[in-house]
Amino acid sequence: MIQCISNEEYISLARTNNNSSNITYKVLDIDIFDIEKVYDYIVCFETLEHVKYPRLLLNKLYNALSEDGVMFLSVPNSKYEVIENGKNKDPYHLHTFEYESLINMLKEMGFIISDILGQSMTNMIVNNEIFNIEEKDLIIDSLNIGYPNNKVLEKTYSYLFVLKK
């Protein structure tokens, strides 16, 4: 059973950990909310699969990105999504995105794909493909494990797209 906390609880936690005066927190329904500003950087992690209309969200984000802006978009690798009887086992994932069709959709929307990254080493550890991580190399290994790269993308849980207009 998947257990979730409410949006208000997330906002409260975020305010506790990040209470800078220049940060504003809001709970919005992105399917109906319009983005009224233009941003130099947009981060949209693990969101596209949750919204009713992913193309609409991408269009809103494209329009909200400045001409020289950069958007970081992460989406789960469809290979790791569990589909049963034609439905995603995760009830919060309304969509799954095949790698090639997602790339085509992003290009159709006008995005330029600067880079595609993943955390393939994390998946290799989880899948027991890497066994011997030396304690003396813990810092280097942590960097390799935690930071995105463009190696073995098919084994990454989530794709991280670096996008421009």
K.L.:
So, does H93 use its side chain to make a donor-acceptor pair with the main chain of N88 at under 3.5 Å?
P.N.:
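Looks like no, no N/O pair under 3.5 Å.
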
K.L.:
Among the clusters formed by ILVMFWY side chains lying less than 4.5 Å apart, do V51 and I32 turn up in the same one?
P.N.:
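No, V51 and I32 fall in different hydrophobic clusters.
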
K.L.:
Tell me whether the count of non-hydrogen atoms from other residues, nucleotides or ligands lying under 6.0 Å of CG in N85 goes above 12.
P.N.:
no

K.L.:
To the nearest 0.5 Å, how far apart are OG in S20 and CG in N18?
P.N.:
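Result: 8.5 Å between the selected atoms.
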
K.L.:
Given side chains that start at C-beta, do those of K107 and I113 come closer than 4.5 Å, heavy atoms only?
P.N.:
yes

K.L.:
Any idea how F72 and Y41 line up, ring-wise: parallel (<30°), tilted (30 to 60°), or perpendicular (>60°)?
P.N.:
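If you compare the ring of F72 with that of Y41, the planes turn out parallel.
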
K.L.:
Show me the donor-acceptor pairs within less than 3.5 Å that the side chains of residues 53-60 make with the rest of the protein, sequence neighbours left out.
P.N.:
residue, atom, partner, partner atom, Å
R55, NH2, E108, OE1, 2.7
K60, NZ, I30, O, 2.8
K60, NZ, F33, O, 2.6

K.L.:
Could you state whether L94 and Y80 fall into the same hydrophobic cluster, counting links through intermediate Ile, Leu, Val, Met, Phe, Trp or Tyr residues with side-chain heavy atoms under 4.5 angstrom apart?
P.N.:
no

K.L.:
A side-chain contact here means heavy atoms from C-beta on lying under 4.5 Å apart; do C44 and L61 qualify?
P.N.:
yes

K.L.:
Looking at OG of S74 and CD1 of I116, how far apart are the two atoms once the value is rounded to the nearest 0.5 Å?
P.N.:
13.0 Å

K.L.:
Regarding E98 and S78, is there a side-chain donor-to-acceptor distance under 3.5 Å anywhere?
P.N.:
yes

K.L.:
Test of understanding: clusters of I, L, V, M, F, W, Y form through side-chain heavy atoms closer than 4.5 Å, transitively. Do L117 and F161 belong to the same one?
P.N.:
no

K.L.:
If every non-hydrogen atom of N63 is compared with every non-hydrogen atom of K165, which pair is closest and at what distance?
P.N.:
O-NZ, 4.2 Å

K.L.:
I'd like to know if L160 and I103 are part of one continuous hydrophobic network [Ile/Leu/Val/Met/Phe/Trp/Tyr, side-chain heavy atoms within less than 4.5 Å].
P.N.:
no

K.L.:
Nearest 0.5 Å please: distance from the CG atom of L102 over to the CD atom of E100.
P.N.:
10.0 Å

K.L.:
Measure from the side-chain N and O atoms of T16 to the backbone N and O of S12, and report whether any donor-acceptor pair falls under 3.5 Å.
P.N.:
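At least one qualifying donor-acceptor pair exists.
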
K.L.:
Would you say D115's side chain and V162's backbone share a donor-acceptor pair under 3.5 angstrom?
P.N.:
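Side chain of D115 to backbone of V162, a donor-acceptor pair under 3.5 Å: no, none is there.
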
K.L.:
Main chain of Y92, side chain of D90: is a donor-acceptor contact present, judged purely on distance under 3.5 Å?
P.N.:
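Pair found, side chain donor or acceptor close to backbone of Y92.
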
K.L.:
Ignoring hydrogens and angles, tell me if any N or O in the side chain of N17 forms a donor-acceptor pair with the backbone of L13 under 3.5 Å.
P.N.:
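Yes: the side chain of N17 pairs with the backbone of L13.
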
K.L.:
Between Y62 and F111, what is the ring plane arrangement, given parallel below 30°, perpendicular above 60°, and tilted in between?
P.N.:
perpendicular

K.L.:
Under a 4.5 Å cut-off applied to non-hydrogen side-chain atoms, are V70 and D40 in contact?
P.N.:
no

K.L.:
Examine the side chains of S66 and D68 and answer whether a donor and an acceptor come within less than 3.5 Å of each other.
P.N.:
no

K.L.:
Calculate, to the nearest 0.5 Å, the distance between atoms CG and CZ belonging to L73 and F45 respectively.
P.N.:
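The CG atom of L73 sits 8.5 Å away from the CZ atom of F45.
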
K.L.:
Quick one about E46 and S158 (side-chain donor to acceptor, distance below 3.5 Å, no hydrogens or angles considered), yes or no?
P.N.:
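Present: a donor and an acceptor within the cut-off.
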
K.L.:
Kindly compute the distance separating OG (S101) from CG (N104), expressed to the nearest 0.5 Å.
P.N.:
7.0 Å

K.L.:
Run M71 and Y39 through side chain to side chain contact (heavy atoms under 4.5 Å, CB included) and show every step you take.
P.N.:
CA-CA 9 Å; M71 183 167 109; Y39 298 92; over 6 Å; no

K.L.:
Looking only at atom types and distance, does a side-chain atom of K52 sit under 3.5 Å from a main-chain N or O of D31, one as donor and one as acceptor?
P.N.:
no

K.L.:
Roughly how far apart are I42 CD1 and L65 CG, rounded to 0.5 Å?
P.N.:
4.5 Å

K.L.:
Report yes or no: do Y159 and N77 form a side-chain donor-acceptor pair below 3.5 Å?
P.N.:
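Short answer, yes.
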
